[in-house]
Amino acid sequence: MDASLTLLTASIATAIFSKKHKVIKTLLVLSALLLPMLYSFEVIINASYLNPPVYWFSTYALPISAIWLVIAWATVLLYTYTPIGLWNSIGVNLLLVIPGSSLTNAIANQVSIATLYKDYLAWIDLAAYFGCALLCFVIGFVLKKRKK
């Protein structure tokens, strides 16, 4: 509980008190504190509640968190340092979510990506993310044309 409150307080304080680059600084704080928080959960839960202990941090939390932190950072840096605009950045984010979601599900279910896509639900996820990304690109294109 203390670790999650620390993460929340540090993130909110960073967002409120930063003068410039609020999103980047807040994401930096979240990135720095997320993995220690998850590891502390594993240690506390194993020490206090589980017998025998279950070690899930290195198997699940670390790789899944790394995937989503890379996607979050890629999106924020793309939006911040390129002129592609908000809607196109969201579209790129949704395209990055496709492999992120697939990898997350493969890691969580302990199956290969090929096995994951034998189920129709993975294809529905892929189509939904791709369709939303396409819609964002169209909105970005239309808004860009309107500004001219």
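Owing to the predicted nature of the structure, the values given are computational and were not obtained by experimental measurement. For the numbers below, each heavy atom of this structure counts, side chains included, while hydrogens, waters and symmetry mates do not.
Annotation for K22: atom NZ counts as buried by contact number, over 12 foreign heavy atoms lying within 6.0 Å. Within 6.0 Å of atom OH in Y39, 12 or fewer heavy atoms from other residues, nucleotides or ligands are found, so the atom counts as exposed in its surroundings. Summarising the local packing, OH of Y117 is surrounded by more than 12 heavy atoms from other residues, nucleotides or ligands at distances under 6.0 Å.
When all heavy atoms of T26 and S11 are compared, the pair lying nearest together is CG2-O, 3.7 Å. The nearest pair of heavy atoms linking A10 to L33 is CB-CD1, 3.7 Å. Residue A74 comes nearest to L96 through the heavy atom pair CB-CD1, 3.9 Å, listed as atom of the first residue, atom of the second, then distance. Of all heavy-atom pairs between S65 and L35, the closest is CB-CD2, 3.6 Å.
For the pair N88 (side chain) and I84 (backbone), a donor-acceptor distance under 3.5 Å is present. With K25 contributing its side chain and T14 its backbone, the two residues share no donor-acceptor pair below 3.5 Å. Checking side-chain atoms of T80 against main-chain N and O of V76 turns up a donor-acceptor pair under 3.5 Å.
Rounding to the nearest 0.5 Å gives a distance of 5.5 Å between CD1 of I90 and SG of C136. Atom OG of S89 is separated from atom CG of L77 by 10.5 Å, given to the nearest 0.5 angstrom. Of the inter-residue distances, the one linking L30 atom CG with M37 atom CE reads 9.0 Å to the nearest 0.5 angstrom. Rounded to the nearest 0.5 Å, atoms CD1 (I67) and OG (S102) are 10.0 Å apart. In this structure, the separation between OG1 on T75 and CD1 on I71 is 7.5 Å, given to the nearest 0.5 Å. The structure places CG of L126 at 12.5 Å from CG of L121, a figure rounded to the nearest 0.5 Å.
Counting only heavy atoms from C-beta outward, the side chains of L95 and F137 approach each other to under 4.5 Å. A 4.5 Å side-chain heavy-atom check between D125 and N105 finds at least one atom pair inside the cut-off.
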I would like to know whether T115 and S112 meet side chain to side chain donor-acceptor pair (under 3.5 Å); could you show each step before the answer? CA-CA 5 Å; T115 303; S112 69; 2.8 Å; yes
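Both W123 and Y129 sit in one connected hydrophobic cluster of ILVMFWY residues. Membership requires side-chain heavy atoms under 4.5 Å apart, directly or through other members. Cluster membership for V70 and V29, using ILVMFWY side-chain heavy atoms within less than 4.5 angstrom, is not shared. Both F130 and L135 are assigned to one and the same hydrophobic cluster, defined by single-linkage of ILVMFWY side chains at heavy-atom distances under 4.5 Å. Both Y60 and V43 are members of a single hydrophobic cluster when ILVMFWY side chains are connected at heavy-atom separations under 4.5 Å. Residues I45 and L7 are members of one and the same hydrophobic cluster, defined by side-chain heavy-atom contacts under 4.5 angstrom among Ile, Leu, Val, Met, Phe, Trp and Tyr.
Applying the side chain to side chain contact (heavy atoms under 4.5 Å, CB included) criterion to I12, with sequence neighbours excluded, gives L8, I16. Residues forming a side chain to side chain contact (heavy atoms under 4.5 Å, CB included) with V54 (at least two apart in sequence, or on another chain): N46, L50, W56.
Counting only residues at least two apart or in different chains, ring-ring contact (aromatic ring centres under 6.0 Å, His included) contacts with residues 66-98 are absent.
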